[in-house]
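Scroll down for the structure; my scribbles are underneath it.
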Amino acid sequence: MLTTIILAKPIDESYPEKHIKMLESIGKTEREFEVVFLANSDFPELNFLKLMTSNLPGHYLIVAEKSTTDDEMIQMGIEFASGNDVLLCTADTLPEVVEKVLEKKKDRKIVYVRRKLNGFKTFFQKIGIWAYNVGLKINGKNSDNFAETRIQYFDGKIANNLADKIANNRELRITNAFKQARTGTVENKQIFFDESKKKYKEKNMFGLGFVSFIYILCLLAVAIIYPCLNNGIYDWWIMVLLVLWVIFGVIAIALASRKIYRSRCGIPLRANNFDEPLYSCEEIVKTGDEIVLPVVIDKPVIKNKAQIGRLSKQTKFKKVDEIKTATKKTATTKTKATAKKTTKTSKEKETPKNKTAKK
């Protein structure tokens with residue numbers, strides 16, 4: 001069974017429709033699957049996620065403490081789904097991207113997602129990824145295909161392995177740590193609904209590729225073009241220049257790759273010396289749970305403390321339509337009661353002269 005772990009991001013009123021499309025995309029390839037939402041306790045639309053989770057079949061919501069990072073929440077989701085294939089994504093991931101990942105995973109153990117650039121930028125991006133991985137090898141690290149860290153697929157065995165690794169969980173997810181596993185990469189021009197401020201990683205790799213390309217051209221110019229113009233003879237200063245240029249390039253790419261790698265690995269997950277997590281889950285909501293939300297009174301007009309105490313108790317919410325219907329019925333009942341009371345009062349205030357006149 002597939003466990004889809006969705007990292008909560010800012011959502012709006014149209015999110016339920018987007019989520020239904022996401023479920024339809026998963027259902028095209030998966031017969032059995034469950035959905036696990038991940039959110040902090042201070043997530044603005046947390047109550048909205050709780051209502052969605054309780055009303056949709058096969059859904060769960062893991063509420064983490066306020067200070068929990070995204071990677072720590074993902075680790076909790078992987079542990080929760082231990083034994084199942086895992087699909088990581090976010091609330092703003094395009095359903096078509098999820099569909100392509102699930103199609104790719106039929107003959108793959110790990111599937112990554114990468115943003116596809118146009119032809120000119122892709123050329124330099126690939127050079128940048130190659131140079132970055134060369135620098136990682138110099139630093140003794142596993143290669144990194146520079147894909148998204150929040151949209152990934154892992155089969156059950158790898159997911160179990162990741163569930164047991166806490167301190168370096170993100171490092172294992174972004175690098176080729178499982179060398180025996182067959183991997184695949186899905187490239188798409190757009191990955192998220194909102195692409196603003198999310199292309200900085202590709203820009204960094206494009207810049208690294210451009211600089212690496214200029215470096216290689218200079219190296220070839222000195223190593224090939226100069227002897228062709230000098231009857232195939234290398235002068236001693238050219239040999240020294242080539243050695244210094246190669247040493248400079250090795251040191252530069254090693255330092256640049258180390259910096260990028262640290263940024264990619266992010267903040268380590270909080271764990272003690274026994275590799276046990278120091279973060280925790282505050283609440284788990286599942287399908288069918290009754291959601292209890294506090295009543296918020298913007299303008300209190302009741303002076304009776306006893307009545308205020310009763311009103312401030314928690315109220316159970318079921319469905320928005322039921323709440324609206326109940327509100328309309330209450331308003332209609334109150335209107336009728338007020339009308340009867342007004343008619344009765346007006347009759348009692350009639351004077352004796354009026355009554356005699358009527359007789």
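Predicted model, so just to flag it, every value in this text is computed and none were measured.
Annotation: side chain of N145 is not in contact with side chain of T183 (no heavy-atom distance under 4.5 Å). Proximity of I238 to V222: side-chain heavy atoms (C-beta onward) are separated by under 4.5 Å at one or more points. Between T175 and Y261, some side-chain heavy-atom pair lies under the 4.5 Å cut-off. The shortest distance between side-chain heavy atoms of T3 and V36 falls below 4.5 Å. I20 places none of its side-chain heavy atoms less than 4.5 Å from the side chain of E17. With contacts defined as side-chain heavy-atom distances shorter than 4.5 Å, the pair Q125/I129 qualifies. Under the 4.5 Å side-chain criterion, counting only non-hydrogen atoms from C-beta, V186 is not in contact with E103. Side chains of I166 and Y279 form a contact here, defined as non-hydrogen atoms less than 4.5 Å apart.
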Practice prompt. Could you please spell out the steps behind the side chain to side chain contact (heavy atoms under 4.5 Å, CB included) verdict for L219 and L242?
Written response: CA-CA 7 Å; L219 180 64; L242 283 174; 3.9 Å; yes
Discussion item. Please evaluate residues E148 and Q152 with respect to the criterion side-chain hydrogen bond (donor to acceptor under 3.5 Å, both in side chains), reporting the C-alpha separation (whole Å), side-chain torsions for both, the decisive distance (0.1 Å), and the verdict.
Written reply: CA-CA 7 Å; E148 280 289 334; Q152 297 174 312; over 6 Å; no
Practice prompt. Might you work through the salt bridge (charged side-chain N to carboxylate O under 4.0 Å, His left out) test for K9 and D92, ending with a clear yes or no?
Written response: CA-CA 7 Å; K9 292 295 176 183; D92 59 343; over 6 Å; no
Worksheet item: Step by step, would you call Q190 with V97 a side chain to side chain contact (heavy atoms under 4.5 Å, CB included)?
Response: CA-CA 8 Å; Q190 186 175 352; V97 174; over 6 Å; no
Worksheet item: Can you check side chain to side chain contact (heavy atoms under 4.5 Å, CB included) on L208 and I253, steps first, answer last?
Response: CA-CA 9 Å; L208 180 62; I253 196 62; 4.0 Å; yes
Practice prompt. Might you work through the salt bridge (charged side-chain N to carboxylate O under 4.0 Å, His left out) test for E187 and K126, ending with a clear yes or no?
Written response: CA-CA 13 Å; E187 292 187 346; K126 289 183 178 180; 5.7 Å; no
Practice prompt. Go through T93 and T90 one step at a time and tell me if the side chain to side chain contact (heavy atoms under 4.5 Å, CB included) criterion holds.
Written response: CA-CA 5 Å; T93 303; T90 63; 2.7 Å; yes
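Side chain of N272 to backbone of F274: a donor-acceptor contact under 3.5 angstrom is found. A donor-acceptor distance shorter than 3.5 angstrom exists from the side chain of D12 to the backbone of S14, with no hydrogens or angles considered. A donor-acceptor pair under 3.5 Å is absent between the side-chain atoms of N40 and the main chain of A64, judged by distance alone. Remark: the backbone N or O of A163 is paired with a side-chain donor or acceptor of Q75 at under 3.5 angstrom.
The two residues A254 and I138 come nearest to each other via the heavy atoms CB-CG2, 4.0 Å. Residue A159 comes nearest to V86 through the heavy atom pair CB-CG2, 3.7 Å, listed as atom of the first residue, atom of the second, then distance. Summarising the geometry of V63 relative to S41, their closest heavy-atom pair is CG1-CA, 3.7 Å, with the distance given to 0.1 Å. Listed here is the closest heavy atom pair of L61 and A39: CD1-CB, 4.3 Å. Taking both residues in full, the closest heavy atoms of E96 and N188 are given as OE2-ND2, 3.4 Å, listed atom of the first, atom of the second, then distance. Closest heavy-atom contact between P16 and F48: CG-CZ, 3.5 Å.
With values rounded to the nearest 0.5 angstrom, T185 atom OG1 is found 9.0 Å from R108 atom CZ. Atom SG in C89 sits 9.5 Å away from atom CZ in F192 (nearest 0.5 Å). Atom CD of residue E30 and atom NZ of residue K105 lie 3.5 Å apart, to the nearest 0.5 angstrom. Atom OH of Y112 and atom CZ of R173 lie 10.0 Å apart (nearest 0.5 Å). In this structure, L38 CG and M76 CE are separated by 7.0 Å, a value rounded to the nearest 0.5 Å. The distance from atom CG of L172 to atom CG of D164, rounded to the nearest 0.5 Å, is 11.0 Å.
One hydrophobic cluster, built from ILVMFWY side chains closer than 4.5 Å, holds both V240 and V250. Put simply, F178 and I74 are part of the same group of oily side chains (I, L, V, M, F, W, Y) that touch within less than 4.5 Å, one to the next. Clustering ILVMFWY residues whenever any of their side-chain heavy atoms sit less than 4.5 angstrom apart, transitively, puts Y215 in the very cluster that holds L136. Both I5 and I62 are assigned to one and the same hydrophobic cluster, defined by single-linkage of ILVMFWY side chains at heavy-atom distances under 4.5 Å. In this structure, F43 is a member of the same hydrophobic cluster as V285, with clusters built from ILVMFWY side-chain heavy atoms closer than 4.5 Å.
Here K286 does not pair with E34 in a salt bridge; the nearest charged N to carboxylate O distance is not below 4.0 Å. In this structure, D70 does not pair ionically with R150, as no charged nitrogen and carboxylate oxygen lie closer than 4.0 Å.
Counting non-hydrogen atoms of other residues, nucleotides and ligands closer than 6.0 Å to CG of L244 gives a total above 12. Annotation for M1: atom CE counts as buried by contact number, over 12 foreign heavy atoms lying within 6.0 Å. For NZ of K165, the number of neighbouring non-hydrogen atoms (other residues, nucleotides, ligands) closer than 6.0 Å is 12 at most. When the shell of 6.0 Å around CZ of F210 is examined, it contains 12 or fewer heavy atoms from other residues, nucleotides or ligands.
R264 forms a cation-pi arrangement with F146, by the criterion of a distance under 6.0 Å to the ring centre and an angle within 45° of the ring axis.
Between F213 and F123, the gap from one ring centroid to the other is short of 6.0 Å.
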